[in-house]
Amino acid sequence: MTFCKRLAITAGEPAGIGPDLIIQIAQNSHSDELIAICDPELLYARARQLDLPIVIEKFNVEDDPSPTQARTIKVLPVQLSRTTTPGELDSENAKYVLETLTLAANGCMNGQFDAMVTAPVHKGIINDAGIAFSGHTEFLEELTGTKKVVMMLATEGLKVALVTTHIPLSQVATAITQPLLHDVIEVLQYDLAHTFGIENPRIIVAGLNPHAGESGHMGREEIDTIEPVLEELRSKGYQLQGPLPADTLFTSKYLDQCDTVLAMYHDQGLPVLKYKGFGNAVNITLGMPIIRTSVDHGTALDLAGTGKADTGSLTLAIHYAGEMSRNKSKSFHEQ
Ligand SMILES: NC(=O)C1=CN([C@@H]2O[C@H](COP(=O)(O)OP(=O)(O)OC[C@H]3O[C@@H](n4cnc5c(N)ncnc54)[C@H](O)[C@@H]3O)[C@@H](O)[C@H]2O)C=CC1
Ligand SMILES: NCC(=O)COP(=O)(O)O
């Protein structure tokens with residue numbers, strides 16, 4: 001097993017804190033090789049603004065991976081369409097952002113990179129450019145041709161996976177179908193075992209409605225959709241508890257006895273996780289043939305160029321990407 005892994009890091013939205021974070025973490029050495037995929041001129045300009053020293057080297061795929069030296073950034077260059085001002089979004093650069101993601105993902109699929117780590121993108125400005133985009137998770141699901149990927153965020157003592165991701169709340173109830181829930185739990189169960197080494201994972205599944213539907217008086221999704229899937233999978237040996245009311249399941253009584261919470265939608269699970277571990281959490285896309293980790297935060301336009309962005313989550317995402325690539329097993333859909 002090669003110790004030093006080659007990790008692609010996409011810098012994300014150029015007006016956000018992604019470039020800052022790459023420059024900030026480059027001040028230290030790393031045992032894995034980090035390849036930034038972005039415009040090198042953007043890094044130079046942001047480094048001047050942050051008053052941090054960097055040396056940029058062009059990435060050469062023919063070289064063997066080598067640990068990253070302090071203040072050196074290896075770059076796979078992609079040119080911005082327009083020069084960026086920190087904090088000011090420009091839809092002209094949306095294609096550039098997607099090009100960095102595509103290069104990273106394709107590079108992972110063809111073996112050029114061991115994993116990809118993504119700095120935050122701005123979903124809105126990509127849509128403003130006329131390109132339908134709801135997140136890295138969905139973009140990479142399509143690009144890698146994966147039937148179902150699962151978003152999971154992890155921090156010390158808590159993992160939260162989601163059944164639905166970036167859709168309007170008004171669409172959540174109809175999006176949660178038995179086949180979707182079944183696929184999500186299968187991917188989650190498989191990855192907890194094979195990526196995280198939890199042999200018989202205990203998963204707590206949240207209900208959708210207040211009080212998990214109050215026996216059908218406050219919504220029937222628990223009875224009609226969630227319970228039948230849990231019953232079926234329990235009969236195969238899965239350790240599934242629920243559907244539990246989401247307002248009380250995030251308490252130590254339940255969390256101490258589970259490995260992961262499966263939330264029905266984005267803002268049911270992630271506020272709790274971020275309350276517990278914002279800045280010290282990682283976002284992992286489960287189920288793909290490639291490894292992708294990401295930060296727990298967004299573009300923080302208010303902090304771009306100020307030097308105040310916290311590097312904790314990107315550092316953790318890089319750590320996870322390295323460890324996951326050292327322990328890589330087949331993904332759920334490849335078995
Ligand atoms: N992985 C990704 O690509 C993600 C992208 N986003 C996108 O980011 C954009 C902005 O989203 P918001 O909801 O405003 O969330 P945000 O995370 O960008 O900002 C929320 C608050 O947290 C602070 N913050 C964020 N990251 C920080 C860091 N590293 N250090 C210190 N403070 C930090 C910000 O200054 C702000 O006060 C949206 O377009 C959203 O879609 C959001 C989450 C993840
Ligand atoms: N809140 C998490 C988030 O929005 C990240 O989404 P993605 O871009 O990683 O799909």
Side-chain angles (χ1 to χ4, degrees), residues 9-25 37-38 50 86-91 93-94 97-98 100-102 104-105 115-129 131-144 146 148-155 159-169 263 265-288 290-318 320-321:
I9 307 189
T10 54
E13 165 53 44
I17 58 172
D20 307 44
L21 295 174
I22 289 175
I23 293 160
Q24 289 172 240
I25 60 151
I37 306 187
C38 61
L50 297 175
E88 290 181 23
L89 296 168
D90 184 343
S91 61
N93 285 323
V97 170
L98 297 184
T100 64
L101 299 183
T102 304
M116 65 185 282
V117 180
T118 57
V121 300
H122 196 282
K123 299 165 178 65
I125 199 70
I126 298 173
N127 284 280
D128 288 348
I131 305 166
F133 179 87
S134 50
H136 290 92
T137 307
E138 301 84 351
F139 180 82
L140 293 172
E141 180 176 73
E142 190 177 338
L143 192 148
T144 60
T146 307
K148 183 72 220 145
V149 304
V150 175
M151 186 193 292
M152 185 178 84
L153 273 78
T155 190
K159 293 187 185 68
V160 176
L162 305 180
V163 177
T164 59
T165 51
H166 298 119
I167 55 172
L169 194 51
Y265 57 95
H266 190 278
D267 285 4
Q268 183 182 55
L270 297 190
V272 183
L273 185 121
K274 293 193 182 188
Y275 181 67
K276 185 167 169 59
F278 191 52
N280 198 21
V282 56
N283 175 357
I284 305 168
T285 311
L286 310 179
M288 281 201 295
I290 64 172
I291 294 167
R292 179 259 173 166
T293 65
S294 188
V295 289
D296 63 4
H297 55 78
T299 49
L301 297 175
D302 55 322
L303 298 183
T306 67
K308 291 183 182 158
D310 188 292
T311 55
S313 182
L314 182 59
T315 303
L316 195 63
I318 290 169
Y320 266 81

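Both counts, for ligands and for their atoms, begin at 1 and track the order of listing.
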**Sidechain-backbone polar pair: Gln24 side chain, Thr311 backbone, donor-acceptor under 3.5 Å** = no
**Prompt:** Which protein residues have a heavy atom under 4.0 Å from ligand 1?
**Reply:** Ile17, Pro120, Val121, His122, Lys123, His136, Phe278, Ser294, His297, Gly298, Thr299, Ala300, Asp302, Leu303, Ala309, Asp310
**Donor-acceptor contact present, side-chain Thr118 to main-chain Ser294, <3.5 Å** = no
**Message:** Show me which atoms of ligand 2 lie under 4.0 Å from any heavy atom of Gly135.
**Reply:** 8 (O), 10 (O)
**Fill in**
Sorted by chain and number, sequence neighbours left out, side chain to side chain donor-acceptor pair (under 3.5 Å) with Asp90 holds for Arg82
**Request:** Using a 4.0 Å heavy-atom cut-off, say whether His297 meets ligand 2 through its side chain, its backbone, both or neither.
**Result:** neither
**Message:** Is it the case that the side chain of Asn283 and the backbone of Asp296 share a donor-acceptor pair, with hydrogens and angles ignored and the cut-off at 3.5 Å?
**Reply:** no
**Request:** Write out the residue and atom name of the closest protein heavy atom to atom 2 (C) of ligand 2, then the distance separating them to 0.1 Å.
**Result:** His266 NE2, 3.8 Å
What donor-acceptor contacts under 3.5 angstrom involve side-chain atoms of residues 132-141, with partners at least two apart or in another chain?
| from | atom 1 | to | atom 2 | distance (Å) |
| --- | --- | --- | --- | --- |
| His136 | ND1 | Arg292 | NH2 | 3.3 |
| Glu138 | OE1 | Gly135 | N | 3.3 |
| Glu138 | OE1 | His166 | ND1 | 3.4 |
| Glu138 | OE2 | Thr165 | OG1 | 2.6 |
| Glu138 | OE2 | His166 | N | 3.4 |
| Glu138 | OE2 | His166 | ND1 | 2.9 |
| Glu141 | OE2 | Val149 | N | 2.8 |

**Request:** Heavy-atom contacts with Met151 under 4.0 Å: which atoms of ligand 2 show up? List them by number with element.
**Result:** 6 (O), 10 (O)
**Complete:** For atom 9 (O) of ligand 2, the closest protein heavy atom turns out to be Arg292 NH2, 2.8 Å
**Gap between atom CG of Leu286 and atom NZ of Lys159 - 0.5 Å precision** = 10.5 Å
**Fill in**
Rounding to 0.5 Å, atoms OG1 (Thr100) and CD1 (Ile9) come to a distance of 12.0 Å
**Asked** Is the side chain of Asp20 donor-acceptor paired with the backbone N or O of Gly307 at a distance under 3.5 Å, no angle test?
**Response** no
**Request:** Using a strict 4.0 Å cut-off to heavy atoms of Asn283, name the atoms of ligand 2 that fall inside it.
**Result:** 5 (C), 9 (O)
**Request:** Any chance you could measure Ile22, atom CD1, to Leu314, atom CG, to the nearest 0.5 Å?
**Result:** 7.0 Å
**Complete:** Atoms of ligand 2 under 4.0 Å from any heavy atom of His166, numbered from 1 in the order shown, are 3 (C), 4 (O), 6 (O), 7 (P), 10 (O)
**Message:** Only heavy atoms of Thr137, strictly under 4.0 Å: list the atoms of ligand 2 that pass.
**Reply:** 7 (P), 9 (O), 10 (O)
**Request:** Rounded to the nearest 0.5 Å, what's the gap from CG on Leu273 to CG on Leu162? Could you check?
**Result:** 9.5 Å
**Request:** Measure Asp296 to ligand 2 on non-hydrogen atoms and call it side chain, backbone, both or neither using the 4.0 Å cut-off.
**Result:** neither
**Prompt:** In ligand 2, which numbered atoms sit nearer than 4.0 Å to a non-hydrogen atom of His136?
**Reply:** 7 (P), 8 (O), 9 (O), 10 (O)
**Message:** For ligand 2, which is the ligand I care about here, please tell me if Ser294 has any N or O atom under 3.5 Å from one of the ligand's N or O atoms.
**Reply:** no
**Prompt:** Considering only heavy atoms, does Thr285 approach ligand 2 within less than 4.0 Å through its side chain, its backbone, both, or neither?
**Reply:** neither
**Asked** Listed by chain and number, what are the side chain to side chain donor-acceptor pair (under 3.5 Å) partners of Thr144, not counting sequence neighbours?
**Response** Thr146
**Exam field: side chain Thr293 to backbone Ile284, donor-acceptor pair closer than 3.5 Å** = no
